[in-house]
Amino acid sequence: MLRNKKIILGVTGSIAAYKSTYLVRELIKAGADVKVILTDSGRNFVTPLSLATLSKNPVLYKFTEDEASGDWNNHVELGLWADLILIAPASANTLAKMVQGICDNLLMATFLSARCPVWVAPAMDLDMYAHASTQDNLEILRKRGVEVIDPESGELASGLTGKGRMSEPEEIAKRLMDFFNIIGPLTGKKLIITAGPTHEVIDPVRFIGNHSSGRMGFAIAEVARDAGAEVTLITGPVSLAEPEGMAAFIRVKSASDMFMQVTARSKEAQIIIMSAAVADYTPVTFSTSKVKKAENEWAIELMRTKDILKFLGEHKRDDQILVGFALETDNEEENAQGKLERKNLDLIVLNSLNVKGAGFGHATNQVTMMFKNGTKKDFPLKSKTEVARDLVNEIVNLKT
Ligand code: CTP
């Protein structure tokens with residue numbers, strides 16, 4: 001989405017500065033690298049600590065960090081570092097200084113040194129915004145190539161109603177993605193993907209698990225992210241690292257943890273893909289201390305877990321796309337078709353364990369996709385990333 005994009009966010013003295021915390025979150029969530037420059041009056045409205053924590057970078061507001069050591073914030077370097085400077089909120093005062101080239105703070109010095117595009121999101125009271133000075137300043141800035149994100153109308157902090165409210169952070173983030181030409185076919189869609197096995201605990205040292213590596217689900221998460229989706233990846237115990245740019249990344253252990261995490265979020269999602277190999281059975285009881293071996297045999301009583309996908313299928317909305325996986329050894333298509341219908345799915349991805357190089361633990365996979373409308377598509381053996389691309393393409397086609 002905004003991965004590898006370096007953005008300087010200038011925050012100036014306007015009550016809308018509180019929105020800049022949300023804006024930083026949106027930009028970070030989209031994968032951008034954000035450095036915040038706060039002006040002195042901006043600091044009256046929002047704390048450097050909040051912005052530093054959210055942006056994961058120190059907030060810059062002075063030319064010199066430590067006068068004794070001579071450490072200073074090099075505005076020329078900052079200006080050259082950025083792919084884009086976004087000043088949001090931009091106060092009337094900052095807009096005027098930008099027009100005049102008044103270099104009295106770090107933000108202005110960086111603005112004057114920058115070669116990258118500059119955007120401003122003005123925010124002020126309606127009369128200040130409507131004032132001829134402000135309007136003329138905006139006109140001049142526009143003529144010089146500065147992109148102005150027009151404020152919206154609504155209730156203002158003064159209690160008056162009119163134009164002057166800073167555009168919403170989500171809206172600004174979307175426009176940035178659009179600008180960087182990275183609106184993908186799933187932009188604006190919330191997608192949940194599950195991956196990996198589940199571990200059903202027997203005692204503190206033992207569990208029932210399976211061989212799922214999580215690689216297929218992680219590959220889908222990355223491809224969906226690149227297609228613009230806001231991805232929540234919920235994974236069972238795997239040795240894979242969190243992929244970049246996830247909206248949320250949640251590690252779970254058991255089938256019942258996964259049920260809770262998925263169903264807590266499923267209402268907001270437009271697309272849900274259950275690629276996890278969820279255990280169908282779990283021990284009826286588990287021992288809090290290690291079970292010692294004995295001479296006789298040990299039988300563990302198991303009970304059924306909740307079928308997450310079936311639950312999602314029963315509560316599916318018309319605008320939701322539900323995708324399941326089936327791993328079969330016999331009567332493959334018949335079994336997968338049964339699951340597609342029973343669980344009210346739009347699409348099921350059938351992995352055959354009979355194909356060499358496909359399924360658990362391999363870097364490749366060979367799948368057949370079966371659709372609600374009765375059609376099916378066979379795909380050749382491919383890398384899991386390519387299979388993920390095929391799947392995301394099919395989902396995009398279902399959506400349109
Ligand atoms: N699934 C689930 N919740 C479970 C079990 C499975 O959501 N408790 C999902 C899996 O993520 C997968 C699909 O259901 O998308 C697999 O269907 P399932 O009927 O469980 O297949 P198997 O586990 O292979 O079971 P069986 O073939 O024995 O019916």
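Every number for a ligand or one of its atoms is a count from 1 in the order of the listing. All residue numbers in this chain count up from 1 along the given sequence.
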Protein heavy atom at shortest distance from [atom]:
{"atom": "atom 3 (N) of ligand 1", "answer": "Ile308 N, 3.0 Å"}
{"atom": "atom 6 (C) of ligand 1", "answer": "Val278 CB, 3.9 Å"}
{"atom": "atom 2 (C) of ligand 1", "answer": "Asp307 OD1, 3.4 Å"}
{"atom": "atom 16 (C) of ligand 1", "answer": "Phe325 O, 3.0 Å"}
{"atom": "atom 7 (O) of ligand 1", "answer": "Leu309 N, 2.8 Å"}
{"atom": "atom 10 (C) of ligand 1", "answer": "Ala276 O, 3.4 Å"}

Around Lys253, counting heavy atoms of other residues, nucleotides and ligands shown, do more than 12 lie under 6.0 Å from its NZ?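 No, not enclosed.
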
Indicate yes or no for a side-chain donor-acceptor contact from [X] to the backbone of [Y] under 3.5 Å, with no hydrogens or angles considered.
{"X": "Thr368", "Y": "Leu350", "value": "no"}
{"X": "Arg265", "Y": "Gln261", "value": "yes"}
{"X": "Asp83", "Y": "Lys6", "value": "yes"}

Please confirm whether [X] comes under 4.0 Å of ligand 1, counting heavy atoms of the residue only.
{"X": "Lys306", "answer": "yes"}
{"X": "Ala326", "answer": "no"}
{"X": "Ala279", "answer": "yes"}

Would you check if the distance from the ring center of Phe259 to the ring center of Phe311 is below 6.0 Å?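 Under 6.0 Å, so yes.
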
Might you point out which heavy atoms bring Ala241 and Phe218 nearest each other, and give the distance in Å?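 Taking Ala241 first and Phe218 second, the nearest heavy atoms are O-CE2, 3.4 Å.
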
Distance-minimising heavy-atom pair for Arg317 and Ala269: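 Minimum heavy-atom separation between Arg317 and Ala269: NH2-O, 3.4 Å.
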
Going by atom types alone, do Thr263 and Ser266 pair a side-chain donor with an acceptor below 3.5 Å?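 Thr263 vs Ser266: no donor-acceptor pair found between side chains.
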
Which of the numbered atoms in ligand 1 are below 4.0 angstrom from a heavy atom of [X]?
{"X": "Thr305", "result": "8 (N)"}
{"X": "Asp280", "result": "5 (C), 20 (O), 22 (P), 23 (O), 25 (O)"}
{"X": "Gly324", "result": "15 (O)"}

Which one of Lys339, Arg342, Lys343 has a non-hydrogen atom at the shortest distance from atom 14 (O) of ligand 1?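 Closest candidate by heavy-atom distance is Lys343.
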
NZ/NE/NH1/NH2 to OD/OE distance under 4.0 Å, Arg175 and Glu171: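 Salt bridge: no.
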
